[in-house]
Student: 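I'd like to ask some things about the structure below.
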Amino acid sequence: MFIAVIGSGTCSDEIAALAREVGREIARRGAVLVCGGQGGVMEAACQGAKIAGGTTVGILPGTDRSEANPYVGVPVVTGLGEARNAIVVRTADAVVAVSGGYGTLSEIGLALKMGRPVVGLGTWELCHSGQPVDAVARADSPAQAVELALALIKQVTIQEEMRG
């Protein structure tokens with residue numbers, strides 16, 4: 001299973017600690033961590049996964065592998081800039097959003113459009129015509145975020161098998 005961790009390229013120490021723990025939980029459960037491959041939330045999540053012996057994939061916006069943070073095991077250069085957000089979420093079976101800015105919001109929207117489950121940890125709240133939309137599952141901790149992501153992946157897999 002592939003879980004994307006999305007969030008800002010710069011973040012506070014508190015947000016980095018949450019992202020690091022999300023990465024650790026992903027690795028502990030044997031999933032592959034996918035991210036945008038650069039700093040902030042992405043670097044912290046990769047660091048947590050690497051410490052726990054996990055695999056990390058960074059989908060980079062530029063054309064040089066050296067843009068990847070030091071914890072990316074598999075750097076993928078795209079030359080697509082922010083359009084690489086679509087590749088990040090398309091590669092994943094589920095997405096965990098940790099805080100984040102407008103780039104994170106774009107990835108949340110793309111993931112939902114592509115049918116990827118999204119779990120939020122202190123991230124965006126969605127509304128349509130002024131009404132809250134429950135499209136993002138909410139988690140209170142990194143462990144709960146990863147557990148929810150894995151449960152949602154299984155749920156989607158079962159639904160696909162029933163249709164198939």
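Keep in mind that the numbers below use all heavy atoms, side chains included, and drop hydrogens, waters and symmetry copies. Worth saying up front: this structure is predicted, and the values here are computed from it rather than measured.
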Student: Hydrophobic cluster membership, with links at side-chain heavy-atom distances under 4.5 Å among I/L/V/M/F/W/Y: are Leu150 and Leu18 in one?
Tutor: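 In one cluster: yes.
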Student: Begin with the C-alpha distance, continue with both residues' side-chain angles, and end with the deciding distance and a verdict on side chain to side chain contact (heavy atoms under 4.5 Å, CB included) for Asn85 and Leu80.
Tutor: CA-CA 9 Å; Asn85 291 356; Leu80 294 174; over 6 Å; no
Student: Would you say Val74 and Phe2 are hydrophobically clustered, going by side-chain heavy atoms of ILVMFWY under 4.5 Å?
Tutor: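 Yes, same cluster.
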Student: Is there a side chain to side chain contact (heavy atoms under 4.5 Å, CB included) between Glu107 and Val95 once you walk through the steps?
Tutor: CA-CA 9 Å; Glu107 288 172 306; Val95 175; 5.8 Å; no
Student: Of all residues at least two apart in sequence or in a different chain, which pass the salt bridge (charged side-chain N to carboxylate O under 4.0 Å, His left out) check with Arg24?
Tutor: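 Salt bridge (charged side-chain N to carboxylate O under 4.0 Å, His left out) check on Arg24 returns Glu21.
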Student: Applying side chain to side chain contact (heavy atoms under 4.5 Å, CB included) to Thr91 and Val57, what does each step give before you reach the verdict?
Tutor: CA-CA 10 Å; Thr91 300; Val57 177; 5.6 Å; no
Student: Taking Gly40's backbone N and O only, do any of them form a donor-acceptor pair with Thr10's side chain (distance below 3.5 Å, no angle check)?
Tutor: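 Such a contact is absent between Thr10 side chain and Gly40 backbone.
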Student: For a quick test of reading the model, state the closest non-hydrogen atom pair linking Gly100 to Thr104 and the distance between them.
Tutor: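 It is CA-OG1, 3.3 Å.
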Student: List the residues meeting salt bridge (charged side-chain N to carboxylate O under 4.0 Å, His left out) with Arg29, not counting sequence neighbours, and say none if there are none.
Tutor: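 Once residues adjacent in sequence are excluded, the partners of Arg29 under the salt bridge (charged side-chain N to carboxylate O under 4.0 Å, His left out) criterion are Glu25, Glu147.
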Student: Check whether Leu33 and Ile87 end up in the same hydrophobic cluster, where Ile, Leu, Val, Met, Phe, Trp and Tyr are linked by side-chain heavy atoms less than 4.5 Å apart.
Tutor: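 In one cluster: no.
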Student: Heavy-atom count around Arg65 CZ within 6.0 Å, excluding the residue itself: above 12?
Tutor: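 No.
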Student: For residues Thr56 and Ala49, report the shortest heavy-atom separation together with the two atoms involved.
Tutor: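 Shortest heavy-atom contact: CG2-CB, 3.7 Å.
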Student: Tell me which donor-acceptor pairs under 3.5 Å the side chains of residues 118-132 have, and how far apart each pair is, sequence neighbours excluded?
Tutor:
{"residue": "Thr123", "atom": "OG1", "partner": "Ser99", "partner atom": "O", "Å": "2.6"}
{"residue": "Trp124", "atom": "NE1", "partner": "Gly101", "partner atom": "O", "Å": "3.0"}

Student: Excluding sequence neighbours, so at least two apart, what forms side chain to side chain contact (heavy atoms under 4.5 Å, CB included) with Ala19?
Tutor: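 So Ala19 forms a side chain to side chain contact (heavy atoms under 4.5 Å, CB included) with Val41, Ala44, Ala45, Val98.
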Student: Sequence neighbours excluded, which residues qualify as side chain to side chain contact (heavy atoms under 4.5 Å, CB included) partners of Asn69?
Tutor: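 Asn69 satisfies side chain to side chain contact (heavy atoms under 4.5 Å, CB included) with Glu43, Cys46, Tyr71, Val72 once adjacent residues are dropped.
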Student: Nearest 0.5 Å, please: how far is CD1 in Ile6 from CD1 in Ile108?
Tutor: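 Rounded to the nearest 0.5 Å, the CD1-CD1 separation comes out at 5.0 Å.
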Student: Where do Pro61 and Gln38 come nearest, in terms of heavy atoms and distance?
Tutor: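 Scanning both residues completely, I find the closest heavy atoms to be CG-OE1, 3.6 Å.
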Student: Would you name the heavy atoms of Val88 and Val34 that are closest together and state the gap between them?
Tutor: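 Heavy-atom minimum between the residues: O-CG1, 3.9 Å.
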Student: Hey, does the side chain of Ser8 reach the backbone of Cys11 with a donor-acceptor pair shorter than 3.5 angstrom?
Tutor: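 Pair absent, no side-chain N/O of Ser8 close to backbone of Cys11.
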Student: Tell me which one of Ile153, Val32, Ile26, Thr157 satisfies side chain to side chain contact (heavy atoms under 4.5 Å, CB included) with Met1.
Tutor: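 Among the candidates, only Ile153 passes.
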Student: By side-chain hydrogen bond (donor to acceptor under 3.5 Å, both in side chains), which residues pair with Asp64, not counting sequence neighbours?
Tutor: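 Partners of Asp64 under the side-chain hydrogen bond (donor to acceptor under 3.5 Å, both in side chains) test: Ser66.
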Student: Given side chains that start at C-beta, do those of Ile3 and Val22 come closer than 4.5 Å, heavy atoms only?
Tutor: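 Ile3 vs Val22: side chains apart.
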Student: For residues Tyr102 and Val133: do they belong to one hydrophobic cluster (side chain heavy atoms under 4.5 Å, members Ile, Leu, Val, Met, Phe, Trp, Tyr)?
Tutor: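 Linked, Tyr102 and Val133 end up in one cluster.
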Student: Is there a donor-acceptor pair closer than 3.5 Å between any side-chain N or O of Arg116 and the backbone N or O of Arg90?
Tutor: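 Yes.
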Student: Please give me the minimum heavy-atom distance between Pro75 and Leu60, naming the atom from each residue.
Tutor: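 Shortest heavy-atom contact: CB-CD1, 3.9 Å.
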Student: Hydrophobic clustering (ILVMFWY, side-chain heavy atoms < 4.5 Å, transitive) - are Val136 and Val96 grouped together?
Tutor: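 The answer is no; the residues belong to distinct hydrophobic clusters.
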Student: Look at atom CD of Gln159 and say whether more than 12 heavy atoms of other residues, nucleotides or ligands are closer to it than 6.0 Å.
Tutor: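 Enclosed: over 12 neighbouring heavy atoms sit under 6.0 Å from CD of Gln159.
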Student: Measure across Cys35 and Met42 and return the closest heavy-atom pair with its distance rounded to 0.1 Å.
Tutor: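 Closest approach of Cys35 to Met42: SG-CB, 3.9 Å.
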